[in-house]
Asker: 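Submitted below is the structure of interest, expressed as structure tokens.
Each ligand, and each atom within it, is numbered from 1 in the order the structure gives.
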Amino acid sequence: MIPHVTDTPDIQIPAELLPSDGRFGAGPSKVRSEQIAALAADAPHYMGTSHRQKTVKSMVGRVRDGLSELFGLPDGYEVLLSNGGTTAFWDAATFGLIESKSQHLHFGEFSSKFATAAEAAPWLSSPEVIKSEPGTHPTSITRDDIDLYALTHNETSTGVSMKITRPEGSRGLVAVDATSAAGGLRVDPNQFDCYYFAPQKSFASDGGLWLALCSPAAIERIERIAATDRFVPAFFDLKTVLDNSRQNQTYNTPALATIHMLANQVEWFNANGGLDWSAGRSDRSAEILYSWAEQSGFARPFVENEDQRSHVIGTIDFVDAIDAAQIAAVLRANGILDTEPYRKLGRNQLRIAMFPAIDPEDVAALCGAITHVVGALA
Ligand SMILES: *Cc1c(COP(=O)(O)O)cnc(C)c1O
């Protein structure tokens with residue numbers, strides 16, 4: 001059944017069934033009120049001040065150091081950052097990280113986009129794209145002529161996650177789109193060369209920035225391509241990003257509030273036990289959501305393979321007799337936001353974020369609220 005929008009039925013969810021916070025969107029996602037309060041407290045001497053001075057540079061330093069700690073980065077790994085979000089990073093990587101040929105795992109809307117950028121670049125060979133059906137993920141194939149393997153840790157459009165491992169025996173760089181995964185899913189930094197993301201998902205901040213955790217091999221690649229005569233627009237120049245990042249700066253002006261909220265979230269994770277703790281919150285939420293769906297009698301997890309079921313983005317299919325679009329509309333009218341599915345997937349589905357900022361108890365409350373709505377719709 002193709003979801004369709006109808007008039008929203010007038011269903012009031014009882015107050016005791018409502019989650020304490022109604023934000024379940026896949027990004028921008030819930031920002032904790034403590035982050036907003038910390039920003040407001042610092043605002044008079046932080047907001048509206050120069051990003052070339054110590055106040056802001058030290059906040060960028062806290063983000064870079066905090067991420068190194070959170071991911072346990074080995075010696076020589078560096079944290080790069082610049083403006084434009086993940087989408088800008090794909091273009092930067094097309095200019096300055098792929099030497100001549102990349103291989104892309106395509107299993108949803110987001111994982112296809114880097115492949116499209118590489119395909120369009122006349123200075124690169126045509127990339128290899130390995131595709132699988134939505135709701136599953138493909139596997140890399142090691143080849144001698146591939147110098148960059150493009151993986152996606154969590155495909156946000158379908159709720160599929162994949163374990164990050166280097167393709168066996170490969171010599172190419174491993175570049176991972178971790179936009180929705182970073183901070184919410186575990187990863188071993190020895191398995192990647194470039195783990196890139198934006199702060200509006202598991203890091204509970206705002207959009208417009210990208211960050212990349214780079215191995216010595218990735219940094220060597222950036223420097224080597226920069227030394228060739230390949231034309232690179234200044235905004236996408238990874239060597240410029242590297243030089244600025246090392247000084248806790250960005251090439252052009254960043255959004256200061258984004259950096260502040262990001263630093264706060266990274267330090268919240270580290271203070272509570274690091275990635276095991278933050279990913280553990282998402283694990284608990286996922287356990288609650290998927291077991292509720294399996295026991296509901298009217299819904300079930302879209303992703304069949306349990307190992308591929310994302311712990312940060314849950315996709316739940318509903319039986320044909322129930323219109324998921326109506327559930328999402330009723331939830332929205334009751335202050336529970338952004339549970340609509342990814343539009344291009346076209347399924348009778350809800351998509352629910354379970355990033356670490358989202359309280360597992362709120363996921364449990366959401367499940368109860370959906371059960372209530374389904375009962376009231378019947
Ligand atoms: C959200 C998302 C993006 C896009 O990020 P922007 O910062 O909006 O460019 C890319 N990849 C994945 C996996 C995402 O979840």
Asker: Closer than 4.0 angstrom: is that true for some heavy atom of Leu209 and an atom of ligand 1?
Answerer: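 Heavy atoms of Leu209 never come under 4.0 Å of ligand 1.
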Asker: Report the C-alpha distance between Trp210 and Trp90 in whole Å, list the side-chain angles of each, state the deciding distance to 0.1 Å, and finish with yes or no for ring pair (Phe, Tyr, Trp, His ring centres under 6.0 Å).
Answerer: CA-CA 10 Å; Trp210 63 256; Trp90 287 322; over 10 Å; no
Asker: Would you verify whether the NZ or CZ of Lys163 falls within 45 degrees of the ring axis of Phe192 while also being under 6.0 Å from that six-membered ring's centre?
Answerer: no
Asker: Within the distance-only criterion (no hydrogens, no angle test), does the side chain of Ser215 pair as donor or acceptor with the backbone N or O of Tyr77 below 3.5 angstrom?
Answerer: no
Asker: Would you tell me whether Thr86 and Thr179 have side-chain atoms, one donor and one acceptor, within less than 3.5 Å of each other?
Answerer: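 Yes, a side-chain donor-acceptor pair sits under 3.5 Å.
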Asker: Given Val176, Val312, Asp177, Ile313, identify the one with the heavy atom nearest to atom 13 (C) of ligand 1.
Answerer: Asp177
Asker: Could you tell me the residue and atom name of the protein heavy atom closest to atom 9 (O) of ligand 1, and the distance to it rounded to 0.1 Å?
Answerer: Thr87 OG1, 2.5 Å
Asker: Is any N or O atom of Asn154, backbone or side chain, closer than 3.5 Å to an N or O atom of ligand 1?
Answerer: no
Asker: With rounding to the nearest 0.5 Å, note down the distance linking CD in Gln191 to CD1 in Ile164.
Answerer: 9.0 Å
Asker: Does Phe71 have its ring centroid less than 6.0 Å away from the ring centroid of Tyr195?
Answerer: yes
Asker: For atom 15 (O) of ligand 1, what is the nearest protein heavy atom, given as residue, atom name and distance?
Answerer: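 Nearest protein contact, heavy atoms only, for atom 15 (O) of ligand 1 is Thr156 OG1, 2.4 Å.
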Asker: For ligand 1, is Trp90 a contact, meaning one of its heavy atoms is under 4.0 Å away?
Answerer: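 Yes, Trp90 has heavy atoms under 4.0 Å from ligand 1.
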Asker: Please step through salt bridge (charged side-chain N to carboxylate O under 4.0 Å, His left out) for the pair Asp338 and Arg332, ending with a clear verdict.
Answerer: CA-CA 7 Å; Asp338 302 333; Arg332 181 172 290 285; 2.8 Å; yes
Asker: Taking only heavy atoms of Ala198 into account, list the atoms of ligand 1 that are under 4.0 Å away from them.
Answerer: 7 (O)
Asker: Identify, for atom 5 (O) of ligand 1, the protein heavy atom at the shortest distance, and state residue, atom and that distance.
Answerer: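 For atom 5 (O) of ligand 1, the nearest protein heavy atom is Thr86 CB, 3.5 Å.
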Asker: Applying a heavy-atom cut-off of 4.0 Å, say which part of Lys201 lies close to ligand 1: side chain, backbone, both or neither.
Answerer: side chain
Asker: Please determine if Arg309 forms a cation-pi arrangement with Tyr290, meaning its NZ or CZ atom is less than 6.0 Å from the six-membered ring centre and no more than 45° off the ring axis.
Answerer: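 Here Arg309 passes the 6.0 Å and 45° test against Tyr290.
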Asker: Look at ligand 1 and say whether Gln200 reaches it with a heavy atom at a distance under 4.0 Å.
Answerer: yes
Asker: Heavy-atom distances under 4.0 Å are what count here, so tell me which part of Phe197 touches ligand 1: side chain, backbone, both or neither.
Answerer: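 No part of Phe197 is near ligand 1 at this cut-off.
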